[in-house]
Amino acid sequence: MAESRRLGKADLTLPCKEMAHYLLGKILARKLDNGAVLKGRIVETECYLGGEDKASHSYNGRQTPGNEPMYMPSGTTYVYFTYGMYFCFNISSIEPGAVVLIRAAEPLQGLETMAKFRSVKKKGVLKETELCNGPSKLCIAMNMTKQNCNKMDLCESEVLWIEDDGGKVEEKEIVISTRIGIASAGEEWAGKPLRFYVLSNPHVSKRDKKAERELS
DNA sequence: ACAGTGATTGGCT
DNA sequence: GCCAATCACTGTG
């Protein structure tokens with residue numbers, strides 16, 4: 001296995017869209033209370049911009065106690081609770097209010113532990129591609145909640161960080177699509193090309209066949 | 001494969 | 001009081 005380098009401030013200080021591209025192929029690492037480390041390669045991201053972006057929690061400059069990390073220094077984690085039972089994990093950019101949602105990852109380390117966290121009533125075994133192929137599935141698999149992973153500095157934290165193992169994602173492998181689950185924000189913003197994922201990667205949450213055809 | 005739907009509760013207005 | 005950056009499950013083709 002290739003040697004991994006932990007990313008620092010110089011790496012994670014980026015504008016939102018650049019951050020969303022840059023994070024593809026990087027490794028998200030999560031250290032549990034028992035010392036075990038879970039790792040997954042990021043394969044799908046989305047941008048939530050500040051200001052005009054109606055889908056963003058920071059739309060029109062909105063600031064609340066809950067979305068404070070969206071305005072914190074680049075590389076700060078923003079975890080929020082949604083739909084009464086799920087969490088989503090984001091990373092702030094240098095642009096105030098603009099963050100990158102991490103939507104899916106390819107499990108690399110600690111797969112059995114992830115499977116335990118993810119185990120659901122359904123009979124049968126959960127496939128590897130079903131562990132982290134969605135923003136809230138990722139949070140469940142890696143035990144990330146608002147209580148234990150919010151407002152953390154990814155460059156300093158002992159329990160959460162990003163690594164680069166040299167795995168490259170070519171620009172031509174990056175599919176650009178529309179964001180998921182934001183129809184209520186209106187057609188204009190729901191239609192913006194702000195979702196990015198690795199072409200043909202089986203761990204992606206949702207494919208966009210049309211965008212994939214146009215890419216090739 | 002894809003569409004439709006119920007679950008469930010914190011945070012904001 | 002409203003509703004959400006989702007998920008798992010069910011039914012249909």
Side-chain angles (χ1 to χ4, degrees), chain A residues 16-17 19-20 23-24 28 40 42-71 76-93 95 97-105 107 114-151 176-197 200 202-213:
Chain A
C16 196
K17 287 186 195 176
M19 177 85 87
L23 288 174
L24 292 176
L28 173 63
I42 297 167
V43 298
E44 182 180 355
T45 59
E46 277 180 4
C47 284
Y48 285 85
L49 310 175
E52 306 270 278
D53 184 357
K54 286 187 180 164
S56 175
H57 294 166
S58 59
Y59 169 58
N60 203 21
R62 193 157 70 120
Q63 279 187 267
T64 66
N67 73 8
E68 186 188 350
M70 298 184 87
Y71 296 90
T76 303
T77 64
Y78 169 48
V79 181
Y80 65 84
F81 181 75
T82 189
Y83 287 106
M85 56 185 120
Y86 297 115
F87 293 99
C88 288
F89 175 77
N90 303 257
I91 300 173
S92 72
S93 68
E95 297 154 303
V99 301
V100 176
L101 169 70
I102 309 301
R103 283 195 58 89
M114 291 182 190
K116 279 180 189 164
F117 281 131
R118 281 277 292 127
S119 67
V120 87
K121 303 176 192 175
K122 195 172 94 178
K123 50 194 169 189
V125 188
L126 215 48
K127 285 182 288 189
E128 193 176 311
T129 52
E130 295 174 313
L131 291 175
C132 304
N133 63 335
S136 297
K137 294 179 189 178
L138 173 69
C139 286
I140 295 169
M142 298 185 78
N143 189 37
M144 298 190 292
T145 69
K146 187 170 177 175
Q147 288 70 38
N148 63 26
C149 286
N150 193 32
K151 279 196 209 181
I176 304 177
S177 181
T178 54
R179 295 174 293 179
I180 307 295
I182 56 158
S184 63
E187 283 183 20
E188 184 187 353
W189 283 92
K192 298 271 188 192
L194 293 172
R195 183 166 72 102
F196 311 94
Y197 68 86
S200 299
H203 303 271
V204 163
S205 71
K206 196 165 185 280
R207 295 256 178 64
D208 183 335
K209 289 176 186 172
K210 188 161 172 255
E212 292 189 13
R213 277 195 300 274

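On a predicted model such as this, the values are computed, not experimentally measured, just so you know. Reminder, nothing fancy here: chain letters follow the sequence lines and each chain counts from 1.
Nucleic acid contact class of A/Leu101 (heavy atoms, under 4.0 Å, all strands): base. A/Arg207 comes within 4.0 angstrom of no nucleic acid atom, judged by non-hydrogen atoms across all strands. Counting non-hydrogen atoms under 4.0 angstrom, A/Lys206 reaches nothing in the nucleic acid.
The side chain of A/Arg118 places no N or O atom within less than 4.0 Å of a non-bridging phosphate oxygen (OP1 or OP2) of C/dC7. Residue A/Lys146 has a polar side-chain atom (N or O) positioned under 4.0 Å from OP1 or OP2 of B/dG11.
The partner of B/dT5, taking Watson-Crick or G-U wobble pairs whose two distances both stay under 3.5 Å, is C/dA8.
When each of C/dA5, B/dG11, B/dT8 is scored by its nearest atom to the side-chain atoms of A/Val99, the top-ranked nucleotide is C/dA5. Here the side chain of A/Tyr86 is nearest to one of B/dT9, C/dA5, C/dC7, namely C/dC7.
Note: CD1 (A/Ile102) to P (C/dT6) measures 14 Å, nearest angstrom. Nucleotide B/dC2 holds its C1' atom 15 Å from the CG atom of A/Asp208, rounded to whole Å. When rounded to the nearest whole Å, the span between CG of A/Leu126 and C1' of C/dC9 equals 14 Å. Taking atom CE of A/Met85 as the reference point, atom C1' of C/dC3 lies 13 Å away to the nearest angstrom. Rounded to a whole Å, the NZ atom of A/Lys127 is 13 Å from the P atom of C/dA8. Between the CZ atom of A/Phe87 and the C1' atom of C/dC7 there is a distance of 15 Å, rounded to whole Å. Counting to the nearest Å, the C1' atom of C/dA5 and the CG atom of A/Asn90 are 8 Å from each other. Atom P of nucleotide B/dG11 and atom OH of A/Tyr78 are separated by 10 Å, given to the nearest angstrom.
Of the charged side-chain nitrogens involved, none lies within less than 4.0 Å of a carboxylate oxygen, so that A/Glu130 and A/Lys137 do not count as a salt-bridged pair. Remark: A/Arg179 does not engage A/Glu46 in a salt bridge, criterion side-chain N to carboxylate O under 4.0 Å.
Atoms CD and OG, on A/Glu44 and A/Ser205 in that order, are 3.5 Å from each other to the nearest 0.5 Å. We find the CG-CZ distance between A/Leu126 and A/Phe117 to be 14.0 Å, quoted to the nearest 0.5 Å.
Looking only at side-chain heavy atoms (C-beta outward), A/Met144 and A/Val79 stay at 4.5 Å or farther from each other.
Around CD of A/Glu52, the count of heavy atoms belonging to other residues, nucleotides or ligands within 6.0 Å does not exceed 12.
In this structure, A/Tyr83 counts as stacked on the base of C/dT6 under the 5.5 Å centre distance and 30° plane angle limits.
For the contact set between residues 42-68 of chain A and DNA chain C, defined by any heavy atom under 4.0 Å, the members are A/Tyr48, A/Ala55, A/His57.
Counting only distance, with no hydrogens or angles, the side chain of A/Arg103 and the backbone of A/Pro135 share no donor-acceptor pair below 3.5 Å.
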